[in-house]
Amino acid sequence: MSMADENPKEPQPAGAADPGATPRGEAEPGQPGEPGEPQPQPKQKDKQKDKQKDKQKEKQKGKKPAEAQKGAPAEPEGPPPEPAPPPRLHEYYAQKVRPKLAQQFGLKNPHEVPKLVKIVLNVGMGDATKNPKGLDAAVAELAAITGQHPVVTRAKKAIANFNLRQGMAVGCSVTLRGARMYEFLDRFITIAVPRMRDFRGLPADSFDGRGNYTVGIKEQMIFPEIDYDKVDKIHGMDITLVTTAGRDDTAQALLRELGMPFRGEAPVAVN
């Protein structure tokens with residue numbers, strides 16, 4: 001039988017499976033990349049990936065959190081603290097003293113009414129060069145009295161007669177403003193001044209002509225914050241009250257209304 005007599009292959013309908021084809025899901029041997037038998041993977045790439053992962057883990061362990069690096073403070077637990085109440089003397093000044101002074105001196109502009117600007121406490125220690133511990137004690141006592149850290153004052157120029165050189169420590173001072181100023185003045189008038197020895201009132205002629213008042217204290221023991229047993233040396237201090245009055249009469253009226261007990265006058269009761 002010749003090759004020409006052989007019958008041609010009949011066309012198969014679309015979608016029919018070829019009987020000689022390899023079934024799906026099985027890969028022919030020698031053809032990589034098809035879903036047949038598992039192909040062996042290179043081991044070098046796996047080792048490199050494992051090393052990279054180990055390095056990343058070590059870096060993450062060594063790193064600190066971002067908040068710890070920046071030094072951000074931890075948030076306080078619980079509700080936020082309530083603001084401190086305003087000083088008693090400041091409220092009294094705003095409610096009663098200001099209207100009374102404006103009416104007494106005929107001040108139409110509210111900015112013309114005198115008010116306190118600051119209070120300066122100054123302690124001079126002449127023997128600070130010979131006794132540095134005495135200066136440290138004075139700084140600690142002034143900090144306890146005012147609630148604010150003092151500044152050590154130094155000599156501006158050298159004086160040979162006093163064995164003083166420029167820059168030597170000669171005392172300490174504190175400047176109070178705002179709420180601390182009114183709180184200190186309230187404690188000074190109501191507690192410290194009555195404890196003065198042989199007290200008969202503060203002098204009324206200690207104004208400087210520009211509305212500023214200065215009073216000298218001989219002992220720091222009048223303040224209740226000072227412990228008698230811890231005092232090594234008794235020293236005094238100068239207290240200066242700076243106002244915006246510009247005149248002595250208005251400044252004296254301001255301090256009188258705030259309860260300052262001047263000599264020969266009955267003090268005003270502050271309620």
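Reckoned from all heavy atoms, side chains included, excluding hydrogens, waters and symmetry mates.
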### Query
Are V170 and V139 linked, directly or through other ILVMFWY residues, by side chains that come within less than 4.5 angstrom of each other?
no
### Query
What closest approach, in Å, do G216 and D238 show between heavy atoms, and which atom pair accounts for it?
CA-OD1, 3.9 Å
### Query
Would a distance-only check, ignoring hydrogens and angles, find a side-chain to backbone donor-acceptor pair under 3.5 Å from Q166 to A158?
no
## Note on the structure
So salt bridge (Lys or Arg N to Asp or Glu O under 4.0 Å) across residues 137-153, not counting sequence neighbours, yields none
### Message
Using side-chain contact (heavy atoms from CB on, under 4.5 Å), reason through M221 and V231 one step at a time and then give a plain yes or no.
### Response
CA-CA 9 Å; M221 314 294 292; V231 174; 3.7 Å; yes
### Message
Test side-chain contact (heavy atoms from CB on, under 4.5 Å) on V97 and L101; report intermediate values, then the result.
### Response
CA-CA 6 Å; V97 177; L101 292 177; 3.7 Å; yes
### Task
For residues T214 and S206, report the shortest heavy-atom separation together with the two atoms involved.
O-CB, 3.1 Å
### Residues forming a side-chain contact (heavy atoms from CB on, under 4.5 Å) with I189, sequence neighbours excluded
L185, M260, P261
### Task
Without swapping roles, check the side chain of D248 against the backbone of G209 for a donor-acceptor pair under 3.5 Å.
yes
### Query
Quick one: CG on L254 to OG1 on T250, what's the gap to the nearest 0.5 Å?
8.0 Å
### Task
Give, for atom CG of D229 and atom CG of D227, the distance between the pair rounded to the nearest 0.5 Å.
5.0 Å
### Task
Taking all heavy atoms of E219 and all of I222, pick out the closest pair and write down the distance.
O-CG1, 3.8 Å
### Task
Please determine if R210 and D208 form a salt bridge, counting it only when a charged side-chain N lies under 4.0 Å from a carboxylate O.
no
### Message
Grouping I, L, V, M, F, W and Y whenever their side-chain heavy atoms are under 4.5 Å apart, do V120 and L89 come out in a common cluster?
### Response
no
### Message
If you apply the rule side-chain contact (heavy atoms from CB on, under 4.5 Å), what do you find for V270 with L258, and how did you get there?
### Response
CA-CA 7 Å; V270 178; L258 290 176; 5.7 Å; no
### Query
Which pairs count as ring pair (Phe, Tyr, Trp, His ring centres under 6.0 Å) when at least one residue sits in residues 197-230, sequence neighbours excluded?
F207-Y213, Y213-F262
### Query
Would you say V242 and F184 are hydrophobically clustered, going by side-chain heavy atoms of ILVMFWY under 4.5 Å?
no
### Query
Taking the side chain from E225 and the backbone from L142, do they hold a donor-acceptor pair closer than 3.5 Å?
no
#### Entry: side-chain contact (heavy atoms from CB on, under 4.5 Å) involving M181 - partner list, sequence neighbours excluded
L116, I119, L176
### Query
How close do R256 and E265 get, heavy atom to heavy atom, and via which atoms?
NE-OE1, 2.9 Å
### Heavy-atom closest contact (G236 atom, V123 atom, distance)
O-CG1, 3.9 Å
### Query
Can you tell me how far OG1 of T244 sits from NE2 of H111, rounded to the nearest 0.5 angstrom?
11.5 Å
### Query
Which is it for R88 and E183 under the salt bridge (charged side-chain N to carboxylate O under 4.0 Å, His left out) test, yes or no, and what are the steps along the way?
CA-CA 8 Å; R88 179 180 72 101; E183 289 175 356; over 6 Å; no
#### Entry: Linked, directly or transitively: V193 and M237 (ILVMFWY side chains, under 4.5 Å)
yes
### Message
Treating Q220 as the side-chain partner and H235 as the backbone partner, does any N or O pair qualify as donor plus acceptor under 3.5 Å?
### Response
yes
### Query
Looking at C172 and P150, what are the two nearest heavy atoms and their distance?
CB-CB, 4.2 Å
### Query
When rounded to the nearest 0.5 angstrom, what distance separates CE in M125 from OG1 in T153?
10.5 Å
### Query
Are V117 and I239 in one and the same hydrophobic cluster, where Ile, Leu, Val, Met, Phe, Trp and Tyr link if side-chain heavy atoms are under 4.5 Å apart?
no
#### Entry: Test log, rule side-chain contact (heavy atoms from CB on, under 4.5 Å), inputs F105 and V113
CA-CA 9 Å; F105 294 99; V113 180; over 6 Å; no
### Query
OH of Y93 to NZ of K115: how many Å apart, nearest 0.5 Å?
6.5 Å
### Query
Any ring pair (Phe, Tyr, Trp, His ring centres under 6.0 Å) pairs touching residues 146-176, not counting sequence neighbours?
none
### Query
Does CZ belonging to R165 count more than 12 external heavy atoms closer than 6.0 Å?
no
### Task
First locate atom CE of M168, then atom CZ of R154, and finally report the distance between them rounded to the nearest 0.5 Å.
10.5 Å
### Message
Test of understanding: with ring-ring contact (aromatic ring centres under 6.0 Å, His included), list the residues that count as partners of Y182, not counting sequence neighbours.
### Response
H90
